[in-house]
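A short worksheet on the structure shown next.
Quantities reported herein were computed from a predicted structural model and do not represent experimental measurements.
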Amino acid sequence: MSNWRKWLAVVPAVALVLAACNGEEPVEEPPVEEPVEEPVEEEPVDEEEEAVAEEPVVRADADLVIWADDTRAPALRSFAEEFGAENEVEVALQEVAFDDIRDRLITAGPAGEGPDIIIGAHDWLGELVENGVVAPIDLTGLQDDLIDVAIQAFTYVGQTYGLPYATENVGLFRNTDLVPDAPATWEELEEIALGLQDDGTVRQGIVWPSEPADPYHNYPIVTAYGGYVFGMEDDGTYDPSDLGIDSPGALEAANKFAEMIDTGLMSADISYALMLDLFGGGDAAFAITGPWALADFPDVNFEVSPIPPVDGGTPAPFVGVQGFMISAFAENELLAQTFLLDYMATTEAQVALYEVGNRPPALISAFEEVADDPNIEAFGEAGIDGVPMPAIPEMASVWEAWTNAYELIYEGEMEPEAAFEDAASQIRALID
């Protein structure tokens, strides 16, 4: 999953968004982690089994050790075996739960028990780089072959720390039985959605998570008005001293959210699960979410497109990027780089990873190969205007206050601009 979900998970009001990315996780994604599911009664696990399940992974005895989760490991296995055979080295591919990889690298790497390569999300970089557990990787010669935002996402303080393989961001799902053609503007979308809502064709014209409030899914509207979370340096690095939540564009967006609540276009009681139910059941004409939801709508005809311009401004969603990182404690860093650059930066490898993750590939040639799926192509197009989910540690100070600001707007308890200004003050105090 994307870590936006993980960040939101630590916030009581935001327990939902960034992890749906399935480790891809936002993205995860990508920060909410996975959509909340109905509790399932589990069979009791005896203490001995539970103890075994919680035992930390021990580095395999091999020349090259890779940690990947159970979704991606099967797609990597043939490439790892081929690399080992061709280079006469032993390669071990160990399965580790996606949500455990980062923390285990931080503890196991310095102790000499960690892997040489991990698979993970770009928004882990702040923590991993600050802890000194990942090494820079030279992508010279590959820049033109990879999507720009994917390289930008894995660039931290001027250095690149990963080979990207997939991207994820939100887009606009449209019920094609109700709305055959994609609206050209947000204003056209509003007219269609409210019309279908008012005549009783649907319960809600458009849905995206709002209960709890969700800054991740809301971000395209904020950026369409020129708002932003953090400013960027010329090299694409986020500047934590330039907080944009109370910038003129963000304040204009705050007013827009209040307006959408007032008109009924937006409902403040849409959980992630309810969003899936409404759109999947034909009770909503539009939905805003990401590629992790593609398999959740088997009973409705739909298409995906980029979110249309809002009052003339281009929406820029958060983009989560998944990729490979090399441990700073790798036993053979050159061997690890060779595997990534010669085997994982190939069309064949990135298409294989796409087939298990359903996220647009970061390698342009691989993306072009799978773009015959119009929905994947649409997510890729939406991500072109997107910005990487900030990986800087200061992003952890953003979610709770910003989420609370949205809640206050939805409930009519504070003027929209004042809510965002108050959130910005809280965030600056936390960062300082």
- Message: To check you understand the geometry: which heavy-atom pair defines the closest contact between P360 and F379, and what is its length?
- Response: CG-CB, 4.1 Å

- Got a second to check how far L189's CG is from I288's CD1, nearest 0.5 Å? 7.5 Å

- Message: With a 4.5 Å cut-off on side-chain heavy atoms, are F154 and L163 touching?
- Response: no

- Message: Would you call the rings of W292 and Y216 parallel, tilted or perpendicular, taking 30° and 60° as the class edges?
- Response: tilted

- Message: Using the rule given for side-chain hydrogen bond (donor to acceptor under 3.5 Å, both in side chains), can you reason through E259 versus N255, listing the C-alpha separation, both sets of side-chain angles and the distance that settles it, and then say yes or no?
- Response: CA-CA 6 Å; E259 174 194 305; N255 288 322; over 6 Å; no

- Return yes if some donor-acceptor pair links the side-chain N/O of E95 with the main-chain N/O of A73 below 3.5 Å, else return no. no

- Query: Would E411 and Y406 count as having a side-chain donor-acceptor pair, cut-off 3.5 Å?
  - Reply: no

- Atom CD of E348 with >12 non-hydrogen neighbours under 6.0 angstrom: no

- Query: Do you know the tightest heavy-atom contact between P308 and L172?
  - Reply: CD-CD2, 4.0 Å

- Within a strict 4.5 Å, meaning less than it, do heavy atoms of the R104 and P115 side chains meet? no

- Item | CG-CZ distance between D296 and F279, expressed to the nearest 0.5 angstrom | 11.5 Å

- Hey, what do you get for CD1 (I206) to CD1 (I192), rounding to the nearest 0.5 Å? 10.5 Å

- Query: Is a side-chain donor or acceptor of E211 paired with a backbone partner of D269 at a separation under 3.5 angstrom?
  - Reply: no

- Task: Over all heavy atoms of both residues, which pair between P240 and Y238 is shortest? Give the atoms and the distance, please.
- Result: CD-O, 3.4 Å

- Is there a donor-acceptor contact under 3.5 Å from the side chain of N131 to the main chain of V133? no

- Message: Tell me whether H122 contacts the main-chain N or O of M389 through its side chain, where contact means a donor paired with an acceptor under 3.5 Å.
- Response: yes

- Message: Check R428 with E421, please: is the shortest side-chain N to carboxylate O separation under 4.0 Å?
- Response: no

- Message: Applying the ring-ring contact (aromatic ring centres under 6.0 Å, His included) criterion to F173, which one of F286, F302, W208 satisfies it?
- Response: F302

- Query: Does some side-chain heavy atom of E252 sit less than 4.5 Å from a side-chain heavy atom of S247?
  - Reply: no

- Is the backbone of G386 close enough, under 3.5 Å, to the side chain of N169 for a donor and an acceptor to pair up by distance? no

- Message: If I compare all heavy atoms of A182 with all of S305, which pair ends up nearest, and what's the gap?
- Response: CB-OG, 4.0 Å

- Kindly determine whether L139 and L341 satisfy side chain to side chain contact (heavy atoms under 4.5 Å, CB included), including the steps that lead there. CA-CA 8 Å; L139 297 183; L341 299 179; 3.9 Å; yes

- Query: Are the side chain of S327 and the backbone N or O of D116 linked by a donor-acceptor pair below 3.5 Å?
  - Reply: no

- Task: Look at the side chain of T237 and the backbone N and O of E233, then say whether any donor-acceptor pair between them is shorter than 3.5 Å.
- Result: no

- For a side chain to side chain contact (heavy atoms under 4.5 Å, CB included) with V398, tell me which candidate from I431, V229, L430, T403 qualifies. V229

- Note on the structure: CE of M275 to OG of S267, rounded to nearest 0.5 Å, is 13.0 Å

- Query: Does a side chain donor of either Y228 or D242 reach within less than 3.5 Å of an acceptor in the other side chain?
  - Reply: yes

- Message: With heavy-atom distances below 4.5 Å as the criterion, would you say the side chains of V157 and V129 are in contact?
- Response: no

- Message: Test side chain to side chain contact (heavy atoms under 4.5 Å, CB included) on M325 and L125; report intermediate values, then the result.
- Response: CA-CA 9 Å; M325 290 167 267; L125 284 181; 3.8 Å; yes

- Message: On a heavy-atom basis, which atom in I270 and which in L274 lie closest, and how many Å separate them?
- Response: CD1-CD2, 3.9 Å

- Item | Presence of salt bridge, R77 and E82, under 4.0 angstrom | no

- Task: Indicate yes or no for a side-chain donor-acceptor contact from Q197 to the backbone of G264 under 3.5 Å, with no hydrogens or angles considered.
- Result: yes

- Query: Can you tell me if CG on D262 sees more than 12 non-hydrogen neighbours from other groups inside 6.0 Å?
  - Reply: yes

- Message: Determine whether Q204 and D283 satisfy the following criterion, side-chain hydrogen bond (donor to acceptor under 3.5 Å, both in side chains), listing intermediate values before the conclusion.
- Response: CA-CA 7 Å; Q204 189 70 36; D283 288 323; over 6 Å; no

- Query: Would you call the rings of Y156 and Y161 parallel, tilted or perpendicular if under 30° counts as parallel and over 60° as perpendicular?
  - Reply: perpendicular

- Item | Backbone N/O of W124 and side chain of R102: donor-acceptor pair under 3.5 Å | no

- How far apart are the C-alpha atoms of K256 and E190, what are their side-chain angles, what is the distance that settles it, and do they pass the salt bridge (charged side-chain N to carboxylate O under 4.0 Å, His left out) test? CA-CA 12 Å; K256 180 64 175 180; E190 289 182 328; 2.9 Å; yes

- Message: Whether the side chain of E187 engages the backbone of D311 through a donor-acceptor N/O pair (distance < 3.5 Å, no angle test) should be reported.
- Response: yes

- Ring center gap for F83 and Y343 short of 6.0 angstrom: yes

- Minimum-distance pair of heavy atoms, taken over all atoms of A362 and A150: CB-CB, 3.9 Å

